[in-house]
Structure formats: structure tokens, C-alpha cells
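Below, read A as the first sequence line, B as the second, and so on, with proteins coming before strands; counting in each chain starts at 1.
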Protein chains: 4
Amino acid sequence: MSGPNPERRSERARRAILGAALELCREQPYDKVTMEGIAKRAGVGKQTIYRWWPSKAAILLEAIDSRATDRLDFPDTGELQADLRSQMTEVVTLLNDPGFSAYKGLIAAAQSDPDIARSVAEIIIKPRELHCVERLVKAQEVGQLRADVDPVDVVELLYAPLYYRLLMHTRPVTVEQLDTVFDLAFNGLTKSPG
Amino acid sequence: MSGPNPERRSERARRAILGAALELCREQPYDKVTMEGIAKRAGVGKQTIYRWWPSKAAILLEAIDSRATDRLDFPDTGELQADLRSQMTEVVTLLNDPGFSAYKGLIAAAQSDPDIARSVAEIIIKPRELHCVERLVKAQEVGQLRADVDPVDVVELLYAPLYYRLLMHTRPVTVEQLDTVFDLAFNGLTKSPG
Amino acid sequence: MSGPNPERRSERARRAILGAALELCREQPYDKVTMEGIAKRAGVGKQTIYRWWPSKAAILLEAIDSRATDRLDFPDTGELQADLRSQMTEVVTLLNDPGFSAYKGLIAAAQSDPDIARSVAEIIIKPRELHCVERLVKAQEVGQLRADVDPVDVVELLYAPLYYRLLMHTRPVTVEQLDTVFDLAFNGLTKSPG
Amino acid sequence: MSGPNPERRSERARRAILGAALELCREQPYDKVTMEGIAKRAGVGKQTIYRWWPSKAAILLEAIDSRATDRLDFPDTGELQADLRSQMTEVVTLLNDPGFSAYKGLIAAAQSDPDIARSVAEIIIKPRELHCVERLVKAQEVGQLRADVDPVDVVELLYAPLYYRLLMHTRPVTVEQLDTVFDLAFNGLTKSPG
DNA sequence: AAGTAACCGAGACGGTACGTCGTGTCTTCAC
DNA sequence: GTGAAGACACGACGTACCGTCTCGGTTACTT
């Protein structure tokens with residue numbers, strides 16, 4: 001009547017596929033990774049992949065989400081900038097990790113496929129923005145962040161420069177960039193730091 | 001001994017190819033655009049394309065560069081924020097223009113192809129950053145921008161949020177976003193606007 | 001470990017390909033027939049052709065062999081010349097049949113491709129020579145053919161003139177030619193017929 | 001107004017093209033020889049070839065004709081079989097000469113192109129048949145050949161077996177074959193040689 | 001315990017596009 | 001205005017993957 005039965009799904013195959021996909025993305029550019037290649041590497045029939053995922057990007061979406069999920073917690077030491085720096089340092093590391101190069105491929109895929117674009121935004125980006133927002137709200141409550149701003153806009157202001165360098169390839173994404181961003185963003189472009 | 005002779009190149013074919021490529025990108029997602037499709041639309045043999053460009057992305061690089069080139073001049077009215085706003089308003093328009101959807105495809109392609117990545121950075125991005133930098137330097141000289149910052153970092157801070165929304169698809173890129181960015185960036189996250 | 005699995009082979013596709021190839025050869029000269037054309041006509045992917053045959057000629061080899069196989073039996077009425085005439089009349093018909101024009105193309109292909117040459121000789125020609133040889137041996141036993149000659153040489157003497165006209169295009173291959181050949185070959189060039 | 005002016009034709013180019021064509025046919029199978037290859041080897045523009053010849057086969061037709069022309073004269077010692085043997089020995093040599101492998105290609109091309117077929121028959125084959133016929137007529141006059149036969153049919157009977165082996169690749173074309181053919185053809189298949 | 005439904009690995013299938021090669025035409029420049 | 005050179009529009013090549021399909025085989029529920 002309807003789709004496949006998830007209860008009968010082979011967990012072994014699922015893991016092999018996610019693993020193979022990430023592995024291949026580590027070894028070669030995203031668009032050289034093929035469904036056939038993933039199936040071969042995973043020791044799996046192509047049908048098994050298509051049964052559970054609609055596209056290569058969908059596989060990587062799941063793979064990346066599950067990998068990144070537990071590594072980007074937000075600390076709360078009471079010092080906003082310190083907490084941001086510690087979490088964003090982790091982000092910088094991830095963005096430079098070849099094991100996460102698939103992430104760039106995923107973002108690339110999103111530019112041509114609205115489904116992927118929506119999934120990336122909803123599943124990957126927004127939940128993580130939300131984590132950050134939660135920390136920012138607390139900071140607003142204790143006066144470490146202007147109260148008259150939308151925290152989501154702040155998230156964009158802070159993280160966007162990382163993605164900009166990542167995707168435009170003008171300069172590498174480094175922890176030093178964080179210093180610059182924090183200085184500019186927190187102190188503003190007009191007034192010198194007191 | 002070497003490659004084809006550029007003096008013999010058909011300008012007609014060149015224009016037809018660039019035009020066809022942009023046209024097709026307007027009609028469909030980037031990765032549905034094929035070399036064959038471009039050749040067909042341009043009324044050109046595939047060989048003629050491959051003779052002069054190594055890839056679809058290379059065609060679009062040239063096409064976009066020549067299209068965008070004259071539309072993003074930097075005004076200098078003496079008021080930095082006003083000038084930025086007027087130029088960035090133009091940028092927002094371009095980023096939303098379906099005729100420039102190829103641009104997103106190009107950035108996507110850059111994630112898999114280092115040559116394209118380098119070309120995009122050097123040919124598209126950096127020269128335009130430089131234009132902005134020039135305006136910022138003048139602003140520093142008249143005290144409208146902190147003198148202790150690298151203007152390139154400022155460019156990143158201001159433009160990155162546009163690209164972030166463009167590529168992550170969390171929210172649309174709008175002129176309202178400019179207000180937000182200017183407020184946050186110029187006034188800073190900590191202190192309320194005086 | 002190696003090539004495709006013949007048990008999984010689609011008989012439908014096989015027949016469609018052989019049929020399409022013969023059909024196209026009937027409609028146009030051999031070298032205008034393309035793999036793409038065959039695939040299109042057969043409603044088949046090119047890969048399916050290349051999976052099972054190395055070349056256009058190989059397809060036609062199989063097609064022709066299976067078509068011609070049952071039409072060229074050798075009768076044995078006791079009268080050698082009568083039996084030869086009846087079989088060779090059939091051969092003349094085939095050589096003039098547009099449906100077998102592919103045969104000429106195959107022979108042509110053999111001049112450039114040693115693999116095809118070998119296949120044509122071993123699969124098409126020699127088995128048919130052998131059939132004729134068998135009949136000739138019987139004729140030798142009953143004194144209707146000189147006993148001191150190699151029957152294969154006789155086969156050549158009798159059939160070669162047909163192929164000569166077929167391939168050199170000096171004159172058409174006709175049943176009248178058979179009369180001439182039989183007269184010359186059986187009676188010899190020197191002595192007048194009894 | 002009309003075609004090119006033959007008086008201004010470059011003899012140097014003509015020779016270079018004919019030579020290059022034969023040379024390339026000696027080095028590789030006929031159908032790997034291309035117009036581009038000939039032009040390159042001859043140091044000639046493609047247009048120069050197309051101006052004077054309609055096809056690759058037409059070039060080889062001219063090349064082969066001019067090469068073979070002076071080597072196949074017919075002796076007349078008074079002994080028909082001896083004269084035939086000496087001329088046909090020369091033919092056997094030519095058919096085995098790699099320098100004449102283009103000849104096989106030409107015959108192959110004739111199977112797909114009626115123009116070539118006609119040219120081969122009229123320019124290459126028939127004039128040479130005629131030379132042989134002239135010798136056979138003399139033989140008929142002196143009773144060395146049956147008077148009641150068409151000499152052209154005799155030519156076919158004698159030469160066809162050579163072409164048969166050449167083109168069908170069942171056995172090599174050798175001088176020994178000549179002995180067999182002469183025995184069978186002159187003495188006939190029925191009666192033992194007296 | 002046997003029957004059966006569905007997932008599994010495998011890979012052949014009809015297709016689309018790839019990037020390359022050769023065709024025959026055309027244009028440009030040198031002689 | 002011929003000849004060398006080669007860019008052009010075109011079509012076919014043989015290959016790589018696509019996403020669908022069919023085939024045993026195994027596995028896990030049903031009866």
C-alpha cells in the first residue's frame with residue numbers, strides 16, 4: 001500500500017551507507033561521489049539506498065546531522081563572549097575538518113534542489129541557530145547583549161563571516177577570525193573599543 | 001604545439017554561449033543545465049565550448065562577471081552608511097534576480113572544484129571586496145569608520161550575512177536585512193545606540 | 001569478478017538489437033548504420049549493446065549467422081551438379097536479398113578488423129564450406145568428382161566467382177552465372193565438353 | 001563559376017596526399033585512416049584534399065591505380081598457363097604486400113558507397129580483366145583455351161579464388177594456390193588429368 | 001514447522017550527458 | 001586564387017551514472 005516498512009530496515013545497511021558516503025566525501029570532491037560508488041563501498045544494492053533516501057544529498061544530510069549533533073553544545077559560564085568563542089572554535093575546527101567536507105557539498109547541493117535547501121535550513125542550520133539564540137537570550141537578560149536586537153540576527157552576524165570564507169574561498173576559516181569578528185561585532189564599526 | 005588561436009575565435013559563438021548559459025540557468029536549476037543544452041541553445045558545437053572553457057562553471061564565471069561588472073559601482077556622497085546602503089541595495093536586488101541564479105550555482109560548483117573556487121574568489125569576489133575597501137578607507141580617513149580595523153574584515157562582516165541567507169536558505173535576502181546589519185555592525189552588539 | 005552475467009541477460013533486448021541492426025542495414029548503407037541508431041531503433045540503451053557486443057560488426061555477425069543458418073542446407077539427390085545448383089541458387093538469392101546487404105558490410109568490416117575477420121571466417125564461412133565439402137566427398141566416392149582434389153579447393157572454385165561479382169561489382173550475381181561456372185569448372189578450360 | 005582550376009593545381013600537394021594516404025594505410029587498418037590524418041601527414045590543409053577528391057576512398061583509388069599500373073603487364077610467351085602463372089604470381093605478391101593493404105580497404109569502402117563501387121570496378125578491376133582477356137583471346141585462337149567460352153568468365157574463375165581468400169580470410173593467398181586453381185580450372189572437376 | 005512477505009545484495013535495463021574525435025564547410029592569411 | 005592552417009556546426013563514439021526493474025537468498029513474522 002505504502003512505502004517500505006521501517007521496522008524491517010537493516011540497521012547494518014543504514015550505517016554502512018552513511019559511513020560510506022562520508023568516507024567517499026573525505027576522499028574526493030562532493031560531486032565525484034556517486035550513488036553507485038556509495039552502494040559499492042557500503043556493500044549494498046542501489047535499491048536499498050533508493051528505498052530509504054531520495055538522493056545523495058539526503059544521505060549526507062542524515063550523516064552529517066548525526067555526526068555533528070553532539071559536538072556543538074553551548075556552554076554557559078556566564079561570560080557570553082567566552083562561551084561563544086569556545087563553541088565557535090569548535091565550529092571552526094569542524095569546518096576545516098576534511099571529514100566534514102561533505103558539508104560544503106551539501107550546501108552546494110542545496111543551491112540546485114529546493115528540497116535539500118529546506119532540509120539543510122530546517123534540520124541542520126536552524127536548530128543550531130536556536131541553540132545559540134537560547135544562549136544569547138540569557139545574555140540579553142543579564143545585560144551582556146543589547147536587548148533591542150533579534151538574537152537570530154546576532155547569530156547571523158557572528159557566524160556568517162565563517163561561512164563566507166568557507167564558501168567563497170577568499171581566506172581560510174581560522175580561530176583568529178573569531179577575534180576579529182568579536183571585536184567588530186561587539187564593539188561596533190564606529191566607536192573604538194573603550 | 002599549443003592550444004587554439006584566440007585571434008581566430010568567433011565572437012558570435014562566444015556571445016551565444018555565454019547568453020545561452022545564463023538563459024538556461026534562469027529557467028532551471030544549475031545542475032540541470034548541461035553542456036549539451038548550452039550548445040544546443042547557442043546553436044554551437046560542443047567542441048567549440050570545450051575549446052575555450054574547461055567546464056560549465058567556467059562559462060558562467062565569465063558570463064556573470066561580465067554581466068555584473070558595471071552594476072555595482074560605489075558611490076561616494078561623504079556619508080558611508082548611505083553609500084553602503086545604496087550599493088548593497090543593488091547587491092540585494094542582484095542576489096534575488098533569477099537572472100543571477102547562476103551565481104548560486106557557481107558558488108556551489110566552487111565547493112567541488114578548486115579551480116572554480118580560486119576563480120570565483122579572485123575574479124568575482126575579491127575585486128568587488130576591493131572596491132568596497134577603497135570606500136571604507138576613505139571613511140576611515142574622515143572618522144566614519146574605526147581606524148584600527150582591517151577594512152576587508154569589515155566587508156566580510158557586512159556582506160557575509162547576505163550570503164549566509166542566500167546560501168543557507170534560512171530567510172530571504174531583503175533590504176530590511178540591511179537595516180539590521182547596519183544597526184548591529186555599526187553600533188555593536190553590546191552598547192545601545194546612543 | 002568479471003563480465004556481465006549471461007543468465008540475467010534480457011532476451012527481449014537481444015532480439016530487438018539483432019532485428020534493429022538488420023533492419024537498418026536494409027534501409028541504408030552499412031557504414032551509415034550507427035550504434036546509436038541501432039539502440040534507438042531497438043528501444044535500448046547503448047550500454048546494453050556494448051555490454052554484449054564489442055562492435056556493430058559483431059552484432060551483425062550474430063544476426064546474419066542466425067538468419068542464414070537454416071536456409072542453406074545441402075540436398076543429396078545423388079546428382080552432384082543438381083544438388084550444387086539448387087543450393088547455390090539459394091545462395092544467389094541471399095546475396096541479392098537487401099535483407100542480407102548487411103553481409104557485405106560485415107565482409108567490409110572484416111578488412112579493417114582482424115577479430116571480425118576471424119569471426120567471419122570461422123563462424124560464417126568455414127562451417128558452410130564444410131557442409132559443401134561433405135557433399136563433395138560423397139560425390140568423390142561415387143565418381144562424380146575427381147578423387148585427387150581437395151574438396152575445399154573445389155568449394156573455393158565454385159563459390160568464389162559469386163563473391164567476386166558481389167564484392168567487385170563488375171557484374172550482378174545471377175543464376176545464369178551458375179551455369180557458366182559449372183560449365184567451366186566441371187568441364188575445364190581446355191577440353192570442350194564431350 | 002565551376003570547380004577548381006586544375007592548371008593551378010599543386011603537383012607537390014597531390015603527391016604528398018597520395019603518398020600520405022598509402023603510408024597511413026600501411027601503418028594501420030583502413031578505417032583508422034582519416035582525412036585529418038592524411039592532411040596532417042601530407043602537410044596539407046583539409047580543404048586542399050576536399051577540393052580535389054570527394055572521399056578518402058577516392059584518394060586511395062587514385063593512389064593504388066597509379067601504383068599498380070605498371071607492375072601487372074601480361075607476358076606472351078606462347079604458353080598460356082605459364083603466362084598466367086607469371087602474371088598471377090605478381091598479383092599474389094601484391095595482395096600480400098602491406099603497402100597494398102589499402103586495396104582491401106578500398107574494396108571494403110565499395111560495399112557502402114556505390115560511387116566507389118563503380119570506380120573500383122571501372123578503373124581498377126575491368127581494365128585489368130581486359131588485359132587478361134586479350135591474352136586469353138590469343139590463347140583461344142591457338143587452341144590453348146576452349147573457344148566456346150567468354151574469356152571474362154574465365155578471368156573470374158581464375159582470379160576469384162584469390163580474392164575469396166583475401167577477403168574472407170579463410171586461408172592465405174599463396175603461389176601454391178595458383179597450382180591448385182590451374183589444375184582444377186584447366187583440367188576440370190570431373191575428369192582426371194590425362 | 002512451514003509458508004510467506006519484504007528487505008537484502010547484485011546488477012541488467014532504458015536513458016541522459018559526458019568529453020573526444022572526425023566530418024565536411026568556412027574563413028583567414030601567405031604566397 | 002591556390003594552399004596551409006584551423007575554427008566552426010554537427011553527429012557518433014564509447015563511458016559513467018542515473019533511477020527503475022528483476023532476480024535469487026535470507027530473515028522474520030504468520031498460522
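- Checking side-chain atoms of A:Ser112 against main-chain N and O of B:Gly105 turns up no donor-acceptor pair under 3.5 Å.
- Look at D:Thr48 and you'll find a side-chain N or O under 4.0 angstrom from OP1 or OP2 of F:dA4.
- In terms of position along DNA chain E, the nucleotide closest to A:Gly45 lies nearer the 5' end than the nucleotide closest to the other residue of the pair C:Pro6 and A:Gly45.
- Taking CZ from A:Phe100 and CG from A:Leu22, the interatomic distance works out to 7.5 Å, rounded to the nearest 0.5 Å.
- A cation-pi arrangement is found for C:Arg9 relative to C:Trp52, the charged atom lying closer than 6.0 Å to the ring centre and inside a 45° cone about the ring normal.
- Heavy-atom distances to DNA chain F give each of B:Ala39 and D:Lys40 a nearest nucleotide, and the one nearer the 5′ end belongs to D:Lys40.
- A distance-only check finds no donor-acceptor pair linking the side chain of B:Lys104 to the backbone of B:Tyr30 [under 3.5 Å].
- Within the model, atoms CD of C:Glu62 and CD1 of C:Ile124 stand 10.5 Å from one another, a figure rounded to the nearest 0.5 Å.
- Taking atom CD on A:Glu7 and atom C1' on E:dA5, their separation rounds to 14 Å, with Å as the unit.
- Atom-to-atom, CZ of D:Arg14 to C1' of F:dT2 comes out at 16 Å; the value is rounded to the nearest Å.
- Taking each heavy atom of C:Leu167 and D:Leu167 in turn, the nearest pair found is CD1-CD1, 3.6 Å.
- Counting any heavy atom pair closer than 4.0 Å across all strands shown, D:Arg9 reaches sugar-phosphate atoms only and no base atom.
- Here the side chain of D:Gln111 pairs a donor or acceptor atom with the backbone of D:Ile107 at under 3.5 angstrom.
- Atom P of nucleotide E:dC13 and atom CZ of C:Arg15 are separated by 14 Å, given to the nearest angstrom.
- With A:Asp65 as reference, A:Ile123 is the one residue of A:Ile123, A:Leu60, A:Val120 to meet the side chain to side chain contact (heavy atoms under 4.5 Å, CB included) rule.
- What you find for C:Asp31 and C:Lys56 is that their closest heavy atoms are CA-NZ, 3.7 Å.
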Generate the contact string for nucleotides 13-20 of chain F. Rules: B means base contact, S means sugar-phosphate contact only, - means no protein heavy atom under 4.0 Å. BBBBBBBB
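- Here the straight-line distance linking atom CD1 of D:Ile116 with atom NE2 of C:His169 works out to 11.5 Å at 0.5 Å rounding.
- B:Arg12 comes within 4.0 angstrom of sugar-phosphate atoms only, judged by non-hydrogen atoms across all strands, and of no base.
- At whole-Å resolution of the value, CD in A:Glu11 and C1' in E:dC8 are 15 Å apart.
- Distance check, rounded to the nearest 0.5 Å: CG of C:Leu106 to CD1 of C:Ile59 gives 11.0 Å.
- Between D:Trp52 and F:dT2 there is no side-chain N or O to OP1 or OP2 distance below 4.0 Å.
- Between B:Ser10 and D:Ser10, the residue anchored closer to the 5' end of DNA chain F is D:Ser10, taking for each the nucleotide with the nearest heavy atom.
- For A:Trp53 and E:dC7, the CH2 to C1' distance is 13 Å, given to the nearest whole Å.
- With rounding to whole Å, A:Arg51 atom CZ is found 13 Å from F:dC21 atom P.
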Sugar-phosphate or base contact per nucleotide [nucleotides 23-31 of chain F; S, B, -; heavy atom under 4.0 Å]: B----B---
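- Within residues 101-118 of chain A, no residue approaches DNA chain F, by heavy-atom distance under 4.0 Å.
- Closest non-hydrogen pair, C:Arg41 versus C:Ala20, comes out as CG-CB, 3.5 Å.
- If you measure from atom CZ of A:Arg41 to atom C1' of E:dA10, you get 18 Å, rounded to the nearest angstrom.
- Atom CD1 of C:Ile49 and atom C1' of E:dG15 are 13 Å apart (whole Å).
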